[in-house]
Structure formats: C-alpha cells, structure tokens
Trainee: 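Can you read through this structure? Questions will come right after.
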Amino acid sequence: RPLARWCTRGTACSVIAVVLLALVLRLWGLQSQSLSMDEVGELRIAATAPAEILRWGDGFPPLFSLLLHAWLRLFRSDAAARWLTVALGCVSVLPVWGLARRLGGHRVGVATAVLIAASPMHVWHSQNGRGYILYFLLAALTCSSFYRALETNDNRHWLTYAICGVLGMYAHYYFVFLLLTQGLTLILEPVFKARLKGATLALGTLVVGVLPLAWVALPDFTSEAVTPFAVPFQPAAIPYSYFALLTGYSLGPSAAELHTMKPADMAAGLAGWLVALGVSVTILAVNGAKELGWTWMRRLGLLVLVPVLLCVPLAGALSITYQVRHLIWVLIPLVVLLGAGAARGRGRWPVAAAALCLLLLFAISLHHRRYVPRYANEDLRALASYLKTKGSTASPIFVMTGYMAKPLSYYLGPRRRIYQLPRVERNDASLRQSLAYMRDRVPAGSSFWLVYVRSFHGDPEGRFLESVLREHRSGRRIDFPGVVLREVRL
C-alpha cells in the first residue's frame with residue numbers, strides 16, 4: 001500500500017509537470033505575432049449571433065465558432081481567442097497521456113506526454129485562435145474511448161465513443177477519416193463478431209447525432225466548391241505531411257516558400273532535416289513496436305497510414321483543399337509509438353540519442369517559429385501601425401492578394417480605403433483588368449499604397465508588380481515579415 005500511494009503521487013507529479021511544460025511552451029510568445037488571416041476570419045464569425053454561425057459558409061462545422069462566441073462574451077477581448085486554444089491544447093495532453101499509459105504503462109505515458117507537450121505542430125495550433133486544437137482534443141478522446149470499448153465491449157464505452165465522434169464531426173469535416181479508419185480497425189480485429197453489437201450501437205448513435213450536420217454543412221461545401229486555390233494531387237504531399245506533423249512548419253522551406261518552389265529545390269531544403277528526423281524516428285519506432293507488440297502496432301499503424309494515403313489523393317481528385325493540419329490528429333498514434341520507443345531508452349544509448357535528437361529538432365522548430373521572420377505570420381499589425389503614423393487617410397490602399405484585405409482592415413479600422421486587387425491569372429486579360437481596376441480608383445498624379453502579400457495566390461508570376469514598377473514611380477519600400485509595402489505614384 002505505501003508503494004501504491006507513492007506510485008500514485010509520482011504519476012500525478014509527472015502529469016502535472018508535463019502539463020506545466022505544455023503551458024509554458026504555449027504561452028511563450030503567444031501574442032507576439034500578428035493575427036493570421038484565418039484568425040481574423042474566425043473572430044468575425046464568432047462576433048455574430050449563434051444562428052448566423054450555424055449557417056456561415058466558411059468550410060468548417062460550427063462547434064469551435066460557437067465555443068469561441070461564448071468565450072469572447074466572457075472575456076471581452078479578441079486576444080482571448082488564443083487563450084482559449086492554449087487551454088484546449090494543455091487539456092489535450094491528458095487523453096494522449098492516458099491512452100499511452102494504458103497501452104504501455106507509466107513510463108510510456110510520460111514519454112508520450114512530453115513529446116506531445118513539446119510538439120511544434122501541437123504548440124503552433126495551440127497558439128492559433130482557430131478550431132484545430134479542439135479537433136485534436138476530440139480526436140484524442142475518441143481514440144481513447146474507441147480502444148477502451150474495443151477491449152471491454154462495454155456499451156457505456158461504445159456510447160462514449162459515439163458521443164466523442166459526433167462532437168468531432170461538428171469540429172471538422174475531416175474527422176470522418178478518423179471514424180472510417182477506426183471502422184477498418186474494428187473489421188480487422190479477431191474479435192470483430194463479438195464486438196458487433198456494441199459497434200452497431202455506436203454507429204447508430206453516430207448517424208443520429210451527425211444527421212443535423214447535413215443542414216449546417218451545405219453552405220460550407222458550397223463555399224469550398226468555388227475556392228480558386230485548390231491544388232491537384234501531388235505525391236510529395238504524403239511524405240511532407242508526416243514531416244510537418246512531427247516538426248511543424250518551421251524547418252526547411254516555409255509554408256509560403258513551398259507554394260513557389262520546384263520539387264528539387266524543396267527536397268534540397270529539407271534533405272538535412274529529413275535525415276536527422278528519419279534516423280531518430282526509425283530508431284524510436286522500431287523500439288516502440290517492440291514495447292507495444294504486434295496488436296498495437298497494427299492498430300496504430302492503420303491510424304498513421306490510412307488517413308494520409310486516402311485523404312491526399314482524394315482531395316486532389318475532388319479539387320478540395322488539403323492542408324497538413326486537416327489531419328493533425330495523426331500526430332496521436334505517431335507520438336504514442338515514438339513515446340513507447342523513447343521509454344526504452346534506459347540503458348540503450350542509441351534510443352536515448354534518438355529521443356534527444358527528436359527533442360532537439362522540436363526545440364529548433366519552436367525557436368524558428370518565434371524568432372525567424374520567414375516562418376512568422378504575415379505581420380499586418382506592424383504594417384498597419386506604420387500606415388497610421390503617416391497621418392493622412394486619403395491615400396488608397398491596394399492589396400495583392402485580395403483576400404488579405406480583411407485582416408488588414410481589422411488592424412487599420414473602417415476609415416481607410418482598402419481595395420482588393422483582382423487575381424492575375426496566366427493571361428494578359430487578367431493583368432490588364434487588375435491594372436485598370438487600380439487606375440480607375442486613383443486620380444492621375446496621386447499616390448497610393450500597394451500591400452504585396454501572398455503573391456503565390458494573387459500574382460503567381462509577379463507580372464502585376466513588374467508592370468506597376470515599370471509604368472509608375474515607386475517611392476518607399478518597407479518590408480515586414482511576409483509582406484512588402486510600397487508607395488506608388490501614378
């Protein structure tokens with residue numbers, strides 16, 4: 001009994017220490033960067049009434065927006081949106097720890113919890129005022145309840161699994177890939193027939209709970225169908241998904257650079273990081289497989305492989321958006337496997353070295369995110385502050401790419417004249433249209449500001465900027481992270 005009490009206290013202390021580590025890493029530089037375009041859009045949605053949120057066509061289910069709406073009514077500051085995701089991120093460490101502990105014991109649970117607490121991808125989205133970390137939390141709860149139901153075949157656990165699954169579907173539409181993979185896992189289980197009754201109960205609850213989502217989803221699917229930026233299937237997106245899931249977006253080429261880089265240049269920029277990551281992950285994964293055994297390797301392997309291999313080509317075929325963060329929950333089985341390997345590091349120097357190498361890569365990525373401008377959000381906050389120091393509000397502001405006008409307007413306020421330049425396609429007609437749009441709104445001899453941002457979407461070949469600089473006088477140029485501001489006179 002004294003030993004049991006000591007173990008319980010030790011477990012509690014370990015978990016508290018890991019959650020505190022998660023909190024410190026997520027508070028580090030929390031408000032240092034400008035709100036992203038997506039965060040501004042999320043705040044705009046959350047500011048409306050709940051009835052409007054339910055029918056807002058932004059491509060996402062309404063659960064996080066409703067939660068953020070209630071949160072901002074309690075804490076009346078837009079900056080509080082990031083505090084909500086920090087809290088969700090810290091809480092989400094617990095179900096991942098619990099799952100790993102049930103699979104491999106105390107050491108595996110703690111090692112896994114440390115990896116998820118220090119994960120650059122997890123930290124990134126815990127500091128971003130959007131719904132991805134809620135999506136992750138619900139995925140972790142769903143995984144935990146699914147495996148518990150699979151082992152016990154208790155109807156209570158099957159119902160818990162179904163409820164978590166329903167909530168997950170209201171957090172992100174890509175949650176369906178988790179449910180499909182778990183269905184495949186169930187079918188491949190030797191005890192499938194014995195679990196069929198409980199699984200049927202869960203499936204029925206899921207279907208009934210998700211049915212209202214059909215009414216909510218229609219505006220979202222309509223908005224997704226007309227997006228001009230969907231990209232075709234690219235095989236390189238599959239390995240890059242795993243690289244980004246483990247290291248975030250702050251090693252190698254930045255997210256913006258990937259839009260314009262050739263595959264050979266991308267591979268060269270990632271090569272060194274891939275070698276270090278590949279060696280450490282291979283050592284930890286092999287040892288994790290030995291620690292957990294074949295049954296759990298098969299279950300976790302399905303969660304790691306099936307969603308990415310299915311989702312990436314499907315998104316390309318249907319011309320819908322795919323981002324690595326859409327499958328952020330694949331990080332759960334990855335860290336459980338790697339945490340199980342790291343737990344075998346005592347007395348095995350290659351395993352200990354691999355775990356330290358992985359944590360070092362995490363630390364470098366977190367440092368890059370905080371201090372290297374190429375990995376930062378577009379700094380529209382600093383740009384807006386600069387424009388406010390210029391005094392006059394008469395000069396119009398043109399934004400290329402146009403959808404970045406809304407976050408700029410958020411920081412500048414409604415009084416400034418901000419225009420969204422039309423996208424320049426790969427033809428002369430679209431270039432002439434954009435130039436004419438600009439000239440029609442600026443009197444001859446007057447000056448204006450050109451905010452040049454995310455050109456990979458608005459001006460992918462740089463033809464608009466080249467024409468403006470060639471035909472008109474360019475004055476000041478001020479560079480901010482991810483944005484260039486130019487003063488131009490007609």
Trainee: Quick one about S250 and H367 (side-chain donor to acceptor, distance below 3.5 Å, no hydrogens or angles considered), yes or no?
Mentor: no
Trainee: Is there a side-chain contact between M121 and Y132 in this structure, where contact means two heavy atoms from C-beta onward sitting under 4.5 Å apart?
Mentor: no
Trainee: Would you say the side-chain atoms of S36 and E378 include a donor-acceptor pair closer than 3.5 Å?
Mentor: no
Trainee: Under a 4.0 Å N-O cut-off, is there an ion pair linking E471 with R439?
Mentor: yes
Trainee: Using a cut-off of 6.0 Å, state whether more than 12 heavy atoms not belonging to R426 lie near its atom CZ.
Mentor: no
Trainee: At their closest point, which heavy atom of L338 faces which heavy atom of A285, and how far apart are they?
Mentor: CD2-N, 4.0 Å
Trainee: Examine the side chains of Y375 and R369 and answer whether a donor and an acceptor come within less than 3.5 Å of each other.
Mentor: no
Trainee: Can you check whether F456 reaches L258 side chain to side chain, under 4.5 Å on heavy atoms?
Mentor: no
Trainee: What is the distance from atom CD1 of I332 to atom CG of L137, rounded to the nearest 0.5 Å?
Mentor: 9.0 Å
Trainee: Got a second to check how far L35's CG is from D78's CG, nearest 0.5 Å?
Mentor: 7.0 Å
Trainee: Could you give the distance from OG (S119) to CG (L358), rounded to the nearest 0.5 Å?
Mentor: 9.0 Å
Trainee: Hey, are E487 and R477 close enough for a salt bridge, meaning a charged N less than 4.0 Å from a carboxylate O?
Mentor: no
Trainee: Between P396 and V442, is any pair of side-chain heavy atoms under 4.5 Å apart?
Mentor: yes
Trainee: Can you tell me how far the OG1 atom of T181 sits from the CZ atom of F146, to the nearest 0.5 Å?
Mentor: 10.0 Å
Trainee: Under 4.0 Å between a side-chain nitrogen and a carboxylate oxygen: does that hold for E189 and R298?
Mentor: yes
Trainee: Would you mind checking if R44 and D58 are paired as a salt bridge, meaning a charged N to carboxylate O distance below 4.0 Å?
Mentor: no
Trainee: Look at the rings of H326 and H172 and say which category their plane angle falls in: under 30° parallel, 30 to 60° tilted, over 60° perpendicular.
Mentor: tilted
Trainee: Does the side chain of T401 come within less than 4.5 Å of D459's, by heavy atoms?
Mentor: no
Trainee: Going by distance alone, is a donor N or O of one side chain under 3.5 Å from an acceptor N or O of the other, for R26 and S126?
Mentor: yes
Trainee: Which word best sums up how the rings of Y135 and F175 line up, parallel for under 30°, tilted for 30 to 60°, or perpendicular for over 60°?
Mentor: tilted
Trainee: Any carboxylate oxygen within less than 4.0 angstrom of a Lys/Arg side-chain nitrogen, looking at R463 and D428?
Mentor: yes
Trainee: How many angstroms lie between atom CG of L134 and atom NE2 of H125, to the nearest 0.5 angstrom?
Mentor: 13.5 Å
Trainee: Between H259 and R454, do the side chains contain an N or O donor and an N or O acceptor separated by less than 3.5 Å?
Mentor: no
